[in-house]
Amino acid sequence: MESREFPMTDANFTHIKNVAYDRTGIVLGDHKREMVYSRLARRCRALGVNDFDQYIHILESQEGEELSHFVNSITTNLTSFFREKHHFDFLTETVFPDVFKANAATRKVRIWSAGCSTGEEPYSLAITLANFLKLNSHKYKDWDVKILATDLDSNVLDKGKRGAYLVSGADGLSDSDRKEYFTESDQEDGHHLLAKEKIRNLITFNRLNLLHKWPMKGKFDVIFCRNVVIYFDKDTQKVLFDRYANQLKDAGYLMIGHSENLHRVSTRFSALGNTRYKKIN
Ligand SMILES: C[S@@+](CC[C@H](N)C(=O)[O-])C[C@H]1O[C@@H](n2cnc3c(N)ncnc32)[C@H](O)[C@@H]1O
């Protein structure tokens with residue numbers, strides 16, 4: 001038994017690993033043990049328990065309640081504005097011209113940021129879209145364009161909905177986008193950028209576990225699922241990318257994270273290079 005604030009046995013860690021995998025698809029390898037300990041120690045403190053036996057008892061007995069705190073604690077939410085900027089350049093140069101042309105009959109465009117974390121990704125999508133629409137306003141006025149932003153973690157979604165970001169963490173934003181799409185305000189915890197209505201209105205934030213049933217009926221033109229499946233095993237990835245292919249329109253686009261690839265995961269996309277894909281079947 002360890003002599004630390006909240007003793008965590010091997011059996012406790014295995015139990016936690018299993019709950020994480022079953023509920024979120026996230027694989028917690030042994031090298032994640034310290035990280036898991038420090039994140040869940042906060043929950044132990046908040047609940048006033050003495051060790052992980054007691055914590056697991058609460059996790060199992062008051063499922064709904066502690067489970068969402070548990071899930072929020074084990075997710076990794078690192079993100080930033082215009083992360084992997086080449087994806088956004090690709091949208092402007094290739095994807096949007098292609099999609100807007102193809103959708104002339106419906107005048108509708110749908111984009112999904114799956115695993116959107118605190119919202120920097122969907123706001124970057126909204127800015128890219130708004131800039132494209134501004135440049136092409138003569139052609140695409142009054143189109144129905146929407147971005148769906150989903151995540152499993154309710155805390156990060158709340159932050160995305162608020163649309164308030166510390167200036168110090170908003171390096172990826174250009175000065176012109178910052179002026180055009182954000183107002184600035186001093187708050188207790190620092191100087192913030194607040195997303196303006198014109199980008200907020202393009203985004204709907206919803207909680208969604210990617211492992212569960214998806215309620216969306218319509219198909220998407222573009223799906224971003226970046227830096228999410230690195231935490232999943234190959235079997236989970238296979239199922240997920242098959243479902244993304246089903247949820248994309250024919251020849252729809254998929255962007256994944258810089259350390260991810262679809263090799264031996266899915267044959268339903270063709271690789272366009274640089275973690276960009278197009279649905280082929
Ligand atoms: C590292 S962030 C990536 C954020 C953003 N896509 C980016 O690339 O900057 C991974 C996100 O995936 C979410 N996530 C993990 N498992 C999930 C699941 N089963 N369903 C939905 N979201 C999940 C986490 O909550 C986290 O916010």
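Each ligand, and each atom within it, is numbered from 1 in the order the structure gives.
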Identity and separation of the nearest protein heavy atom to atom 15 (C) of ligand 1 | I26 CD1, 4.0 Å

Ligand 1 atoms nearer than 4.0 angstrom to some heavy atom of R226 are 3 (C), 5 (C), 6 (N), 7 (C), 8 (O)

Heavy-atom proximity to atom 4 (C) of ligand 1 ranks first, among G115, C225, S113, for G115

Distance-only N or O hit between ligand 1 and N209, under 3.5 Å = yes

Is a side-chain donor-acceptor pair under 3.5 Å present for E84 with N227?
-> yes

Is it true that D144 and R107 make a salt bridge, defined as a side-chain N closer than 4.0 Å to a carboxylate O?
-> no

Using a 4.0 Å heavy-atom threshold (strictly under), name the region of T150 that reaches ligand 1: side chain, backbone, both or neither.
-> neither

Nearest heavy atom to atom 11 (C) of ligand 1, choosing from L152, D151, I74, belongs to D151

Flag the pair R226 and E260 as a salt bridge only when some basic side-chain nitrogen lies within less than 4.0 angstrom of an acidic carboxylate oxygen.
-> no

Under a 4.0 Å N-O cut-off, is there an ion pair linking D158 with R207?
-> no

Minimum-distance protein heavy atom relative to atom 20 (N) of ligand 1 | L210 N, 2.9 Å

Within 4.0 Å of some non-hydrogen atom of L208, the atoms of ligand 1 are 20 (N), 21 (C)

Distance-only donor-acceptor check, side chains D151 and N206, under 3.5 Å | no

Contact between F224 and ligand 1, counting heavy atoms under 4.0 Å?
-> no

Which atoms of ligand 1 have any heavy atom of D153 under 4.0 Å away?
-> 25 (O)

When the ring centroid of F81 is compared with that of Y165, is the distance short of 6.0 Å?
-> yes

Are K179 and D175 within salt-bridge range, i.e. N to O under 4.0 Å?
-> no

Selected option - heavy-atom contact closest to atom 14 (N) of ligand 1, from V228, T79, L78 = V228

Min over T76, T75, T24 of heavy-atom distance to atom 26 (C) of ligand 1 lands on T76

Ligand-side contact atoms (ligand 1) for residue partner E121, heavy atom cut-off under 4.0 Å | 5 (C), 6 (N), 7 (C), 8 (O)

Could you list the atoms of ligand 1 found under 4.0 angstrom from a heavy atom of N227?
-> 1 (C), 2 (S), 3 (C), 7 (C), 8 (O), 10 (C)

K198 with E180: basic N within carboxylate O range, under 4.0 Å = yes

Looking at Y244 versus F269, is the centre-to-centre ring distance below 6.0 Å?
-> no

Atom indices of ligand 1, in the order listed, that fall short of 4.0 Å to a heavy atom of S117 | 4 (C), 27 (O)

So is N77 polar-close to ligand 1, meaning N/O to N/O under 3.5 Å?
-> yes

Parallel under 30°, tilted from 30 to 60°, perpendicular over 60°: which one fits the rings of F100 and Y140?
-> tilted

Side-chain donor-acceptor pair present, E184, H192, cut-off under 3.5 Å | no

In this structure, atom 7 (C) of ligand 1 is nearest to the protein heavy atom R83 NH1, 3.2 Å

